[in-house]
Structure formats: structure tokens, C-alpha cells
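What follows is a short report on a single structure.
Naming: A, B, ... by sequence-line order, numbering from 1 per chain.
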Amino acid sequence: MIPVRCFSCGKVISNVWEEYKERIVSEPPGKVMDDLGIERYCCRRMLLAHVEIVDVLRRYQ
Amino acid sequence: MKVELIELREDRIRFLLTGATAAFANGIRRACMSEVPTLAIDEIRLYDNTSVLFDEQISLRLGLIPLTAEDLDVYSSPEDCICEGAGCPGCRVDFILTAEGPKMVYSQDVVFTDPGVKVAFEGIPVVVLGEGEKLVVEGYATKRTGSAHSKWQSGTTCGYKNLPRIDIGDCQKCGKCVKVCPRDVLALDEGDRVRVVNLLACSLCKLCIDECDYQAITVTPVPDSFVLTIEGDGSIKAKDLVVKAAEEIRHRAEMIGEKMADLS
């Protein structure tokens, strides 16, 4: 699961995660983050470096 | 003291404070971060959680969701409440969250007993539930300040810097300082003379001073002018945040005044 807020600055970033995930398929991530109002590099790495693993974990429930 | 507005958005305010000390600017910054109260989910009871996340992870995620209240003043913090911290409707807002998979549980699925209290952002994923997985949570939110825990912090990113003052003396029009500036503060005008075009963007890094072979440029901080940038967590408008922070400082100053009057 995407962390609710940015680790460094505390800005809520998870509310744009799903839109981000959809849009990076066809657009460059940097541009998408600019559009979504994710400005600082601390917040940008939250989205950019996130790997969703809950669905992998579910197999071992 | 003078305040000049530079930028105003719902979640962020930038303003120029002149005729103040660094201690005062820092006081505003710190009050925004740790003295302006807000609501946050405090304790939860989990009746059922068969999701992939541990109970603790769910409680952490719920705590971080910013909450807005139509009228925050109707709630008191548990320490100041008439119930003396035992827990009553005056200092607690109860909520329930129930969901059954397969579905994504979002922040807006948290239902508060007070219709005036809402999550500040919809669409924050709390947990994803697979086929047959269940989540039943009940709990309450309380009003506290950022000094208790960062989840109650209304001002998240708050900072200030001195207003820079850039003086250009005997310029040789080489344009090196314009190229080296990472924030495009300087530009060459028609007469090829260096001109300051974006003073507020200057971070006083002084790269331009090092680059100039003729020592024609000086950058100095103006000691009594500050550019403050205050960003809220979404639970309160940035504008109101600064006003409340200033009120808090006044309140404390008055308290000191009263204490001092008692002593003498």
C-alpha cells in the first residue's frame, strides 16, 4: 500500500496514487506529478519509488 | 511590523514579514507546526481484520488521515475537557469503518458520528481487501496539537528565510552570474547589464559571488525581513493556520504577562 503521507514533509500524497498509476502508462511520470501538484522531491520519490506488493503478499495469507 | 502577501493557496501561504526579529518569525513557524490543534483518529478497536495488513498498520494509516471539522471549537482537547480525560462527546468524535472484499477501502469510507467532521482528502487508500476479506473498525478521533504527535500537526511544511538583498556594482557584463544561478534570479537586460528579476527565489547560495571575477555582486540577508512559507496538512486553510498560530503566541505572551504581574 502506498504510504498515506510523504515520509519527509508530511504532505498527503496517497490520494493521487491511483490517478498517477493510471496516467504513467502513457505519460512521463514527472509531468504527471507536476499536474497532480506533487512539487517537492521528497514527495515525488514517494510515488516514483513505490512498489505495490499487497497482491503478492495475499498469496501467502 | 509589516506583512505583505506573496502567494495564497488553499494549502499554502507565502508572505513577507518586515520589521520583525528572527525569533518572532521562528515563533510563528513553530506555532503553526506544534500549537494549532486539529482532529486526528486517536484510538481504534478492531473487531475483524482479515486483510493483508497487520492491525497496527491499519491503525497507523487511519491516524495519518487529516480530518476537517465544520466547527473545531465545539471540541476540547481531552486534557482540558470537563470529563478530565475520561472520554465524552465533548472531546471525542466516534467513527466506524466496515468493509468486505473484494474492494479498496478509502478514507471516505470512515463514517463519523458528527456529520460536521469529515476526512480532508477523499481517495486515500486505507487497505485493499481481497475476496472474502473483512475489516470492521470502530474508534474515536480527538483534538490535540502537533506537540503531542505529528498526526495532529496542522502545519506540515513551514519555514522561513531572510529576504535577500542583491547589489550589483561595477558589472562587466560577462553574464557568468546569470548562467550559474540555479534559480534564475538574475538576467541580462537590453544594455547587457545584470538585473535582479526574481529576488524572492534567491536562496542566498552565493554562487554568483564566487563566479564574478570582478567582485561586482554582493548578496546579503536583510536582517529584519523574512519570507515565510507555511503549508497546511489539508485539515485547515493555510490562511487560518497562520491566524491561529499568531493567536496562540498572543495568548501565551498574555499568560506570561499575568504571571509576571502576580510575582511583582
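- Closest non-hydrogen pair, A/P3 versus B/R61, comes out as CA-NH1, 4.0 Å.
- Counting heavy-atom pairs under 4.5 Å between each of A/V16, A/I2, A/V4 and chain B puts A/V4 at the top.
- Sparse packing is recorded around NZ of B/K239, with 12 or fewer heavy atoms of other residues, nucleotides or ligands lying under 6.0 Å away.
- Within a 6.0 Å radius of CG in B/L5, other residues, nucleotides and ligands contribute more than 12 heavy atoms.
- Of all heavy-atom pairs spanning A/V54 and B/V128, the tightest one is CG2-CG1, 3.6 Å.
- Of the options A/C42, A/S8, A/C6, A/C9, a side chain to side chain contact (heavy atoms under 4.5 Å, CB included) to B/T157 is made by A/C9 and by none of the others.
- For B/L60, no part lies near chain A; criterion is any non-hydrogen pair under 4.5 Å.
- Proximity to chain A (any heavy atom under 4.5 Å) is restricted, for B/S51, to the backbone atoms N, CA, C and O.
- Neither the backbone nor the side chain of B/L62 comes within contact range of chain A, judged by heavy atoms closer than 4.5 Å.
- Contacts between residues 109-124 of chain B and chain A, defined by a heavy-atom separation under 4.5 Å, are made by B/F121, B/E122, B/G123, B/I124.
- Listed here is the closest heavy atom pair of A/S14 and B/P125: O-CD, 3.4 Å.
- How far CD of B/E131 is from CZ of A/R58: 10.0 Å, rounded to the nearest 0.5 Å.
- Expressed to the nearest 0.5 Å, how far CD of B/E231 lies from CD of A/E39 amounts to 7.0 Å.
- Rounding to the nearest 0.5 Å gives a distance of 5.5 Å between CG of B/D11 and NZ of A/K11.
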